[in-house]
Novice: 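Below you will find the structure I want to go over with you.
Because the structure is a prediction, the values reported are computed rather than measured. These numbers come from the heavy atoms of this one structure, side chains and all, not from hydrogens, waters or symmetry mates. Within every chain, numbering begins at 1; the chains are lettered A, B, ... in the order of the sequence lines, protein sequences first and strands thereafter.
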Amino acid sequence: MDYNFIEIERKWQEYWASHKTFRAEPDSSKPKYYVLDMFPYPSGAGLHVGHPLGYIASDIFSRYKRLKGFNVLHPMGYDAFGLPAEQYAIQTGQHPEKTTHQNVARYRQQLDRIGFSYDWDREFRTCDPDYYKWTQWAFLKMFGSWYDNVLQKARPIEELVAAFEKGGSAAVDAANNDAPVFTAEQWKAFSEKEKSDVLMHYRIAYQGESTVNWCPALGTVLANDEVKDGYSERGGHPVFQKKMVQWQLRVSAYAGRLLEGLDRIDWTDSLKEMQKNWIGKSQGAEMVFKVRNGEEEYDMTIFTTRADTVFGVTFMVLAPESEWVPKLTSPDRKEAVAAYLDQVKKKTERERIAGKAVTGVFSGSYAINPLTGDSVPVWISEYVLAGYGTGAIMAVPAHDSRDYAFARKFDLPIIPLIEGADVSEESFDAKEGIMMNSGFLNGLDVKEAIPAAIDYVEAHGIGRRKINYRIRDAIFSRQRYWGEPFPIYYKDGIATPVPEDKLPLTLPEIDEYKPTETGEPPLARAKNWTFDGFPLEKSTMPGFAGSSAYYLRYMDPHNDNALVSPEADEYWRSVDLYIGGTEHATGHLIYSRFWNKFLYDLGYVCEDEPFRKLINQGMIQGRSNFVYRIVNTNTFVSAGLKDGYETTEIHVDINLVRNDRLDIEAFKAWRPEFATAEFILENGEYVCGWAVEKMSKSMYNVVNPDQVCDDYGADTLRLYEMFLGPVEQSKPWDTKGIDGVNRFLKKVWRMFWDRDTFLVNDEAPTPAELKSLHKLIAKEQDDIEHFSYNTTVSAFMIAINELQGCSKRAILEPLLILLSPFAPHIAEELWHQLGHADSITYAAFPAYNPAYTAEDNVKYPVSFNGKTRFMVDLPKSMGPAEVEAAVRAHEMTAKYVGDMTISKVIVVPGRIVNVVLKK
RNA sequence: GCGGGCGUGUUGAAAUUGGUAGACAAGCAAGACUUAGGAUCUUGUGCCCCGUGCGUGUGGGUUCGAGUCCCACCGCCCGCACCA
């Protein structure tokens with residue numbers, strides 16, 4: 001019998017599906033393990049060979065954990081709302097649901113061929129009403145909650161109302177956005193509309209005005225993580241800053257917990273670092289400066305991390321969008337300021353970032369330095385951001401490079417505050433040195449001066465300690481069609497939740513998917529988009545809404561009464577292993593953690609961190625091939641000879657190339673213009689050039705997993721993707737080595753079959769065979785736990801080489817179990833040929849017996865091919881003579897010493913003895 | 001600019017975490033069996049002045065011992081980027 005992978009793989013995939021082999025149900029008799037892949041957005045292009053990398057790694061882990069006796073939850077589904085399907089719908093008029101449906105079907109087909117052990121009964125799409133009912137439900141919970149800064153948790157809004165009735169706005173310390181101040185009496189006197197407006201400043205899902213990323217080309221706002229370098233991540237359109245009223249999620253309230261939680265989860269340092277930067281904690285102080293515009297005087301608060309430098313403040317700067325700008329613009333500066341604001345507004349986000357040019361305008365007002373009493377001018381400049389701190393800063397040009405550049409440009413004074421700092425060419429930003437020109441701070445080191453300055457400021461009532469976070473609230477509405485509708489309607493202008501029992505609020509049909517002519521979102525086209533006779537919200541939720549709690553839904557996907565039942569949640573708890581790309585570091589992975597913590601606060605889930613361990617799989621890049629056409633001819637020169645000619649590099653379809661050798665006939669047939677091509681060969685072959693590039697159609701370097709499954713089988717694909725290198729590492733796809741992996745599987749097959757003879761026998765294994773087997777067991781266990789799959793595959797190859805010709809059941813049976821996570825189809829087939837009726841999935845991972853691999857106490861014996869050293873583990877109190885005697889007497893070491901004399905014995909602390917031998 | 005990571009044969013990569021550098025593959029070369037092979041099986045394969053020499057980006061250091069730890073430099077990748 002031959003190794004017919006096509007037949008074998010089809011057979012077992014059908015078997016697993018029909019027997020529901022991988023179905024997972026809560027079972028208190030077994031420990032649980034939850035392995036999750038970041039579910040894909042089903043794009044029209046289908047899967048390429050890079051997508052399954054992480055899925056294969058997680059599948060191996062799932063299958064391994066099952067063998068280890070765990071009850072494994074390993075689900076899959078689709079992140080199905082999103083822009084590409086909608087853009088396609090706008091162009092073609094096709095309902096996005098239809099394209100999504102087609103793409104999902106194609107993804108499923110491709111996934112199925114690779115033999116994943118998903119529990120497909122738990123599959124869902126985020127665009128299913130049964131699913132997005134719970135996205136809407138969570139939104140309503142956020143709408144109906146506020147964040148208590150004292151208890152550090154979300155609480156129902158009714159409790160806030162009760163507090164207001166007792167003590168007005170001063171009764172609570174709550175996360176809010178510029179909430180007004182009022183007494184209990186005032187609160188009680190408020191109208192319904194006024195109360196609703198006040199509460200809107202406290203809700204965790206709230207409507208508020210803020211500076212947002214507006215993308216005119218897409219006709220929608222975008223969240224910060226959806227903007228890259230001033231362009232939209234999807235489509236690459238320019239993005240502008242604009243003040244708008246939008247739905248937002250109060251993620252900022254959770255900043256501290258999002259940061260602190262990172263210490264308790266097992267993620268890579270780089271990813272934690274990215275999240276830390278994104279959250280951007282900075283400790284400093286708020287300080288109040290009196291500002292004066294003519295006769296008008298105000299208290300203006302600024303934020304600084306360098307309270308120690310307050311004696312060097314020579315001017316103040318406001319962000320152009322700051323609400324202080326109109327208040328502090330003096331009548332004679334109105335025109336200049338207006339012109340400047342106009343100029344700033346016209347710039348795209350990109351231009352603001354890229355153009356590092358220093359710009360600004362004097363407001364005409366002055367501020368009083370609270371420590372020195374000096375009067376300093378107030379300027380307006382785009383280098384100050386409206387969204388961070390208070391949107392206003394004190395400028396210390398001597399010790400801040402941005403302030404320095406500004407002072408130089410506009411010729412403002414620079415006062416050095418640190419002894420020996422030379423500020424003639426650039427600012428001195430380092431937080432070190434001895435203070436001077438700073439009144440009571442003189443003589444202190446900067447590190448002492450910062451707290452001393454804040455203490456002083458607090459004692460004199462002109463400021464207080466403050467921690468600022470860079471993370472902003474997430475803009476939650478999109479002016480788009482293909483997303484979850486908001487379960488909110490406007491009753492007499494008051495945003496009112498659609499009752500929970502009316503969910504899901506399903507997406508209405510519309511005839512065109514574009515925004516309306518008047519610039520309203522597409523849902524404005526829907527007929528009768530009302531609830532209870534009142535208009536419904538017309539924007540929809542963003543892509544990350546549906547992916548923020550999907551891991552919870554997998555625990556209990558068909559529950560109509562809850563996102564997840566308490567029982568299912570208590571059993572599965574959180575994701576033990578999450579595998580996906582780094583690109584979600586500051587998007588999905590922040591939002592999910594926020595969302596989960598919110599549900600945790602309200603008692604809907606029992607764990608406050610959703611993903612215990614996270615592995616980032618690297619990207620698989622394409623490996624493109626090139627041919628070199630001599631300029632103005634139809635002659636192609638082989639890569640090794642091309643330097644002698646002037647050539648053009650042309651991408652050639654990698655399917656026409658094998659091991660960088662061009663199939664000339666296929667190339668001629670590829671495109672008409674190449675039919676008459678001539679070739680300059682080296683050694684009778686045409687050698688192609690190559691380069692690592694992104695895998696894409698236009699570079700003719702896309703490798704499709706179906707193709708690999710056709711040519712080599714899914715087991716080879718799985719093994720090969722793991723063999724390529726560490727899972728976390730990005731690497732180019734290169735089929736060069738795939739034959740080696742395929743050969744390995746054929747060797748495994750030949751341990752069972754010699755043509756039509758089944759070789760397996762019941763002979764007892766030799767110690768050498770047992771040693772090979774147990775070495776492999778130890779290695780596989782250790783490597784899988786550390787996600788080092790490439791070395792496991794190598795260990796298999798070594799074991800198979802060592803076990804060549806061995807067809808003993810006692811060896812082969814455990815070997816198949818070990819192989820089954822990696823190459824499940826061939827393992828399952830041979831397992832059944834050994835007479836087992838049940839799936840290999842239910843077998844137990846072979847027990848490791850160290851007796852077969854023990855090397856005694858000789859840690860690093862030398863094989864004596866020229867080398868003359870080895871190390872033994874002996875007490876360090878021994879002298880050289882004793883060591884020699886011990887080494888000669890010892891069964892293991894004696895054979896290494898042989899007839900040599902020991903020339904040198906080096907005793908190292910820690911019972912290590914290094915023995916040097918001499919002939 | 002700030003932060004994180006990396007640098008090992010012709011190539012992908014190993015190295016039990018401070019202890020035989022280059023495992024295992026790929027490629028290449030030679031051979032065997034074959035009408036044939038992109039099948040299968042042997043064997044060889046870091047470098048050179050072949051000493052018993054030199055080798056893990058470069059230079060120094062710690063150590064009996066360094067790819068691994070420390071310092072400086074060079075080069076590459078990723079993330080953030082006017083966050084006061």
Novice: So, A:Ser282 versus A:Asn468: side-chain donor-acceptor pair below 3.5 Å or not?
Specialist: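 A:Asn468 and A:Ser282 do not have a side-chain donor-acceptor pair below 3.5 Å.
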Novice: Establish, yes or no, whether a centroid distance under 6.0 Å links the rings of A:Phe5 and A:Trp749.
Specialist: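 For A:Phe5 and A:Trp749, the ring centres are not under 6.0 Å apart.
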Novice: Hey, does A:Gln804 reach any base, or is it just sugar-phosphate, or nothing, if we go heavy atoms under 4.0 Å?
Specialist: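 The answer is sugar-phosphate, as A:Gln804 gets under 4.0 Å only of primed atoms, P, OP1 or OP2.
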Novice: On RNA chain B, does the nearest nucleotide to A:Ala392 precede the nearest nucleotide to A:Arg743 from the 5' side, or the other way round? Give the residue.
Specialist: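 That would be A:Arg743.
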Novice: Would you mind reading off the distance between A:Leu385 atom CG and B:C82 atom C1', rounded to a whole angstrom?
Specialist: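 Rounded to the whole Å, the gap is 6 Å.
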Novice: Using a heavy-atom cut-off of under 4.0 Å over every strand shown, decide if A:Pro726 touches base, sugar-phosphate, or nothing.
Specialist: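 Sugar-phosphate: the residue A:Pro726, judged by heavy atoms under 4.0 Å, touches backbone atoms but no base.
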Novice: Side chains of A:Gln621 and A:Ser730: donor-acceptor distance under 3.5 Å anywhere?
Specialist: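 No pair is found: no donor N or O on one side chain lies under 3.5 Å from an acceptor on the other.
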Novice: Could you verify whether a donor N or O on one side chain and an acceptor N or O on the other, from A:Asp739 and A:Tyr712, lie under 3.5 Å apart?
Specialist: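 A:Tyr712 and A:Asp739 do have a side-chain donor-acceptor pair below 3.5 Å.
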Novice: Considering every strand and a 4.0 Å limit on heavy-atom distances, what is the contact class for A:Tyr469: base, sugar-phosphate, or nothing?
Specialist: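 The answer is nothing, as A:Tyr469 stays clear of every strand by at least 4.0 Å.
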Novice: Over all strands shown, is A:Leu724 touching base, sugar-phosphate only, or nothing at heavy-atom distances under 4.0 angstrom?
Specialist: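 If one applies the 4.0 Å heavy-atom cut-off, A:Leu724 turns out to touch the sugar-phosphate alone, with no base involved.
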Novice: Give the rounded distance in Å between these two atoms: CG of A:Leu589 and P of B:C80.
Specialist: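 Rounded to whole Å, this separation is 14 Å.
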Novice: Checking all strands, does A:Asn801 fall into the base, sugar-phosphate, or nothing category for heavy-atom contacts under 4.0 angstrom?
Specialist: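 The residue A:Asn801 makes sugar-phosphate contact but no base contact.
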Novice: If you find the nucleotide of RNA chain B closest to A:Lys747 and the one closest to A:Gly280, which residue's nucleotide is nearer the 5' end?
Specialist: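 Final value for this comparison: A:Lys747.
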Novice: Under 4.0 Å, counting only non-hydrogen atoms across every strand here, what does A:Asn790 touch: a base, just sugar-phosphate, or nothing?
Specialist: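 Sugar-phosphate contact only.
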Novice: State the pairing partner of B:U40; accept Watson-Crick or G-U wobble contacts with both distances under 3.5 Å, and report none otherwise.
Specialist: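 Across any shown strand, B:U40 pairs with B:A32.
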Novice: So, OP1 or OP2 of B:A84: does either fall under 4.0 Å of a side-chain N or O from A:Ser282?
Specialist: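 Checking A:Ser282 against B:A84: at least one side-chain N or O falls below 4.0 Å of OP1 or OP2.
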Novice: Rounded to whole angstrom units, what separation is found between the CZ atom of A:Arg306 and the P atom of B:C82?
Specialist: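 Distance, rounded to whole Å: 20 Å.
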Novice: Heavy atoms from C-beta onward define the side chain here; which of B:G79, B:A15, B:A84 lies closest to that of A:Met274?
Specialist: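 Side chain of A:Met274 sits closest to B:G79.
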Novice: Would you indicate what A:Gln729 reaches in the nucleic acid, counting non-hydrogen atoms under 4.0 angstrom: base, sugar-phosphate, or nothing?
Specialist: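 A:Gln729: backbone/sugar contact only, no base atoms under 4.0 Å.
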Novice: Checking all strands, does A:Lys281 fall into the base, sugar-phosphate, or nothing category for heavy-atom contacts under 4.0 angstrom?
Specialist: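 Result for A:Lys281 = nothing.
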Novice: Under 3.5 Å, is there a donor-acceptor pair between the A:Ser794 and A:Thr791 side chains?
Specialist: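 No.
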Novice: Apply the syn/anti split at 90° from 0 to B:G75 and say which one it is.
Specialist: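 B:G75: anti glycosidic orientation.
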Novice: Can you tell me how far P in B:C28 sits from the matching atom in B:A39, rounded to whole Å?
Specialist: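 Straight-line distance between the two P atoms is 11 Å.
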